[in-house]
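Report on one structure; see the data block that follows.
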Amino acid sequence: LNLFYSSTIYDCTFEVDFCSWTHLTDAPLNWTRNQGRTPSAETGPQVDVTTHTGKKKSSLYNFIIFFVSLAQGWYIFLEVSGVKINDTARIQSPSIAGSTSKCFEFWYHMHGPDINRLDILTIDSQNVETTVWTRSGSQGNAWRLGKLKLNDITDMYNVCIRSIYI
C-alpha cells in the first residue's frame, strides 16, 4: 500500500502482522497472512511477487493481495473453498485525512476457474461506501499491479479491500 511517498501507518507489507488494517466484523470471512503455498491446488501464483522465489504457490478459489514487500514476501489471501454464495471478506485501512489527491497501489493475483470478485472501496465518515476499482474472474496466472487515484475526497475516509464469492 502506498498512499504517501514516505512510510506511514497506511503502508503495510504484512511481514509481521496486519499492521493497522482491520477485519470488518460485518463479513463472514477473513483474510489470512501467508508465506509460501496456499492450502488449495491448481491455481494461484508460482512465485512471490517481490523476490520471485519459492516453491509453486497454488490456491484454488483464492484471492491474493500483496502490498509491496521488500522483505520475505508475505501476502494476504482468501481461501473460499466451501464458502457460501455472497460470502465476503473485508479488510479496512486506518482513517485517512481527506485531500485533493492520494494514490493507492497494490499487487493482486487472481487465477483459476472459480475466481470471483475483488473490489477496492472508499468508506467515508458517514459510512457511505463507494466502489473505486473492481475485477472479476481469472486475470491470468500473473501478479498484477493495481493503481488508483483517490481524488477529491475531502472527508475522513478508509480504504476497504473486499472479496465477494458470487
Side-chain angles (χ1 to χ4, degrees), residues 1-3 10-15 17-50 54 56-69 73-94 96 102-124 127-151 153 157-166:
L1 166 64
N2 188 3
L3 291 174
Y10 310 107
D11 297 315
C12 187
T13 63
F14 301 108
E15 292 298 322
D17 56 21
F18 283 90
C19 310
S20 298
W21 288 71
T22 56
H23 288 98
L24 296 180
T25 57
D26 64 348
L29 305 174
N30 282 325
W31 296 95
T32 301
R33 273 182 73 243
N34 196 43
Q35 183 181 38
R37 296 180 146 255
T38 55
S40 299
E42 300 304 321
T43 61
Q46 295 183 23
V47 295
D48 176 75
V49 69
T50 55
K56 181 177 181 182
K57 297 177 191 174
S58 58
S59 54
L60 181 62
Y61 312 118
N62 285 338
F63 286 101
I64 297 175
I65 299 291
F66 177 84
F67 292 92
V68 183
S69 170
W74 286 84
Y75 58 90
I76 60 173
F77 79 102
L78 179 62
E79 177 68 52
V80 294
S81 299
V83 301
K84 296 179 284 195
I85 298 295
N86 294 322
D87 275 356
T88 62
R90 293 162 49 101
I91 189 169
Q92 180 174 292
S93 74
I96 303 165
K102 289 196 173 46
C103 180
F104 179 68
E105 293 182 357
F106 58 99
W107 289 94
Y108 65 98
H109 191 286
M110 297 171 65
H111 175 63
D114 294 305
I115 294 296
N116 283 276
R117 195 168 87 210
L118 181 66
D119 299 324
I120 307 296
L121 301 94
T122 57
I123 304 173
D124 71 17
N127 286 323
V128 174
E129 298 183 0
T130 304
T131 301
V132 294
W133 182 94
T134 190
R135 292 293 182 274
S136 297
S138 182
Q139 302 295 304
N141 191 10
W143 285 102
R144 304 205 180 272
L145 178 60
K147 293 183 179 185
L148 301 172
K149 287 185 180 178
L150 303 175
N151 294 328
I153 303 173
Y157 68 99
N158 302 84
V159 172
C160 177
I161 301 165
R162 174 179 66 188
S163 173
I164 302 175
Y165 188 75
I166 51 176

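Predicted, not measured: the structure shown is a model, and the values here were computed from it. Along the sequence shown, residues are numbered consecutively beginning with 1.
Smallest separation of non-hydrogen atoms from Ala27 and Ala89: CB-CA, 4.0 Å. When all heavy atoms are compared, the tightest approach of Glu129 to Ile123 is CG-CG1, 3.8 Å. For the pair Leu121 and Asp119, the tightest heavy-atom approach, listed with the atom from each and the gap, is CD1-CB, 4.0 Å. Here the closest non-hydrogen pair linking Arg117 and Ser136 is CG-OG, 3.4 Å. Minimum heavy-atom separation, Gly146 to Tyr108: N-CE2, 4.0 Å. Summarising the geometry of Cys160 relative to Leu24, their closest heavy-atom pair is SG-CD1, 4.0 Å, with the distance given to 0.1 Å.
Side-chain contact between Arg162 and Thr131 is present, with heavy atoms from C-beta onward closer than 4.5 Å. A 4.5 Å side-chain heavy-atom check between Trp21 and Ile76 finds every atom pair outside the cut-off. Using a 4.5 Å heavy-atom cutoff, the side chains of Arg90 and Thr25 are not in contact. With a 4.5 Å cut-off on side-chain heavy atoms, Val159 and Lys102 do not count as touching. With a 4.5 Å cut-off on side-chain heavy atoms, Leu29 and Ser163 do not count as touching.
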I would like to know whether Val132 and Leu150 meet side-chain contact (heavy atoms from CB on, under 4.5 Å); could you show each step before the answer? CA-CA 8 Å; Val132 294; Leu150 303 175; 4.2 Å; yes
Would Trp31 and Ile161 count as a side-chain contact (heavy atoms from CB on, under 4.5 Å) if you check the C-alpha gap in whole Å, the side-chain angles of each, and the deciding distance to 0.1 Å? CA-CA 10 Å; Trp31 296 95; Ile161 301 165; 3.8 Å; yes
Asn158 vs Ile96, test: side-chain contact (heavy atoms from CB on, under 4.5 Å). Steps then yes/no. CA-CA 6 Å; Asn158 302 84; Ile96 303 165; 5.9 Å; no
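The distance from atom OH of Tyr75 to atom CH2 of Trp143, rounded to the nearest 0.5 Å, is 7.0 Å. Atom CG of Asn127 and atom OH of Tyr157 lie 15.5 Å apart (nearest 0.5 Å). The line from OG1 of Thr88 to CG of Asn30 is 10.0 Å long, rounded to the nearest 0.5 Å. Separating the CG atom in Leu78 from the CD1 atom in Ile164 is a distance of 11.5 Å, to the nearest 0.5 Å. Rounding to the nearest 0.5 angstrom, the gap separating the NZ atom in Lys147 from the CZ atom in Phe104 is 13.5 Å. Considering CZ of Arg135 and CG of Asn116, their distance stands at 15.5 Å, rounded to 0.5 Å.
Between His23 and Phe18, the distance from one ring center to the other falls under 6.0 angstrom.
When the salt bridge (Lys or Arg N to Asp or Glu O under 4.0 Å) test is applied to Asp87, no partner is found at least two apart in sequence or on another chain. Among residues two or more places apart in sequence or in another chain, the disulfide bond (SG atoms under 2.5 Å apart) test is passed with Cys19 by Cys12. Under the rule for a side-chain hydrogen bond (donor to acceptor under 3.5 Å, both in side chains), Asn86 has no partner lying at least two apart in sequence or in another chain.
Proximity of a side-chain donor or acceptor of Gln139 to a complementary backbone N or O of Gly137 within less than 3.5 Å is detected.
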